[in-house]
Amino acid sequence: MLRVAPIKNTLLDGATITEQLYTTPKDCEDFFESLEKPTEVKATPRSTFIRAGVLTTVRGSAYMEYGNTKVLAIVAPPRELMRSSARRMNMGVLNCYVNFAAFASGELETVPEREKHLGGMLTKALEPLVCRNEFLNFQLDVRVLILDDDGCLLSTAINCCGVALVECGISTYDIITASTACIYKNLVFVNPSAKVEELLGQHRGADSAQMEEHGLLMNASMDTFEQLAQCQQCGYMKPETFVKLLDYTLEINKSLRQLIRRVLTDRVKEQHVLDKKEQEAERQEDERLAGIIARLKEQGLHEFIQSNIKEDPYTKK
């Protein structure tokens, strides 16, 4: 029996399914037939929810739901590198750590390796974004917790980390947005699910002599400077197909950019309202203390204390 030879694919490491759906090319074809095929290509994001400042114990945090994919990002302020023997760094060091929640993955034996690969790719995507020249000889840690994975995991993590970096007050060159698209059997899947990504990963082990287009493209962009922070492609696709998928992802990135800008703007307004409330509370407290000091000066210490002593009605004779 011909079996699919598994090939390591770091780009698809984020895709997981609870069970092995197929072990032969025929199983792969049967599973593809059971999928819902897209009738037309719509370069639009999934239903998206983003919230900045979800944790009060850290300075920068963000939570994002991209369809059924759920990601939490935490950014700590830069800390000095404790390397007595190392030379002074010309640029700050950015480290990204990815962890899966215990209930987010069904393949526990491969989780550490997948976390390592996702952390490395996330670091490469965020390094062009952060102004690392502003914290020389310092280290910036970004931590991501995967709560649920239904495809587009790396691009969702990049979007969430971009919001968390701005929330933390870290200087960035632009707002970063990322999205994913793939092609399989001449069908373009925009924002593919985890099952479609897994299908692509298994297909890579099939006979490549057919030269049938199949591949996945993840693109992270910074629109203000019209630059790509990271563009990763796996599988086989023609140059014109690559350009087509790149255009789709860039169009999705523009839509996500507007959403993220609105979220950050609302966050600034919300923080401004909270600051005004705190300032008003401090002003009222200052007025109360000023009144107490004025009364103390007028009455003297003894009379002031006596005037503020309230007699207990239960002990009154």
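Atom CD of Q230 and atom CG of L129 lie 12.0 Å apart (nearest 0.5 Å). If you take CG on L246 and CD on E251, they are separated by 12.0 Å, rounding to the nearest 0.5 Å. For the atom pair OG1 of T48 and CD of E65, the computed distance is 10.0 Å after rounding to the nearest 0.5 Å. For the atom pair L140 CG and C131 SG, the distance stands at 11.5 Å (nearest 0.5 Å). Here L126 contributes atom CG and I170 contributes atom CD1; the two are 11.5 Å apart, rounded to the nearest 0.5 Å. Residue E115 holds its CD atom at 12.5 Å from CG of L122, rounded to the nearest 0.5 Å.
Qualifying salt bridge (charged side-chain N to carboxylate O under 4.0 Å, His left out) partners for E285, counting only residues two or more places apart in sequence or in other chains: R288. Residues passing the side-chain hydrogen bond (donor to acceptor under 3.5 Å, both in side chains) test with E134 are S171, sequence neighbours excluded. Listed by chain and residue number, Q271 satisfy the side-chain hydrogen bond (donor to acceptor under 3.5 Å, both in side chains) test with D275 (two or more places apart in sequence, or in another chain). With sequence neighbours left out, Y97 forms a side chain to side chain contact (heavy atoms under 4.5 Å, CB included) with N95, Q139, D141, R143. Partners of K276 under the side chain to side chain contact (heavy atoms under 4.5 Å, CB included) rule, at least two apart in sequence or in another chain, are H272, Q279. With sequence neighbours left out, K42 forms a salt bridge (charged side-chain N to carboxylate O under 4.0 Å, His left out) with E40. Listed by chain and residue number, A62, A73, V75 satisfy the side chain to side chain contact (heavy atoms under 4.5 Å, CB included) test with A164 (two or more places apart in sequence, or in another chain). Partners of D150 according to the salt bridge (charged side-chain N to carboxylate O under 4.0 Å, His left out) rule, which considers only residues two or more places apart in sequence or in another chain, do not exist here. For the side-chain hydrogen bond (donor to acceptor under 3.5 Å, both in side chains) test, residues two or more places apart in sequence or in another chain that qualify with E287 are R283. Taking D174 as the reference, T224, R257 meet the side-chain hydrogen bond (donor to acceptor under 3.5 Å, both in side chains) condition, with sequence neighbours excluded.
F225 shares a hydrophobic cluster with Y173; the chain of contacts runs through ILVMFWY side chains whose heavy atoms sit under 4.5 Å apart.
Judged purely by atom type and a 3.5 angstrom limit, T69 uses its side chain to pair as donor or acceptor with the backbone of G151. A donor-acceptor distance shorter than 3.5 angstrom exists from the side chain of N253 to the backbone of S179, with no hydrogens or angles considered. Judged by distance alone, the side chain of Q232 and the main-chain N or O of C234 form no donor-acceptor pair under 3.5 Å. Panel note: side chain T156, backbone Y66; no donor-acceptor pair is recorded below 3.5 Å.
No side-chain heavy atom of M64 sits less than 4.5 Å from a side-chain heavy atom of F49. In this structure, F189 and E197 have side chains that are not in contact, with every pair of non-hydrogen atoms separated by 4.5 Å or more.
No continuous path of ILVMFWY side-chain contacts below 4.5 Å connects V54 to L274, so the two sit in separate hydrophobic clusters. The hydrophobic cluster containing F242 also contains V41, counting ILVMFWY residues as joined when their side-chain heavy atoms lie under 4.5 angstrom apart, directly or transitively.
A side chain to side chain donor-acceptor pair (under 3.5 Å) with N219 is found for one member of T249, T180, D247 and no other, namely T249.
Sequence neighbours left out, the pairs with a member in residues 49-60 that pass side chain to side chain donor-acceptor pair (under 3.5 Å) are R51-E270.
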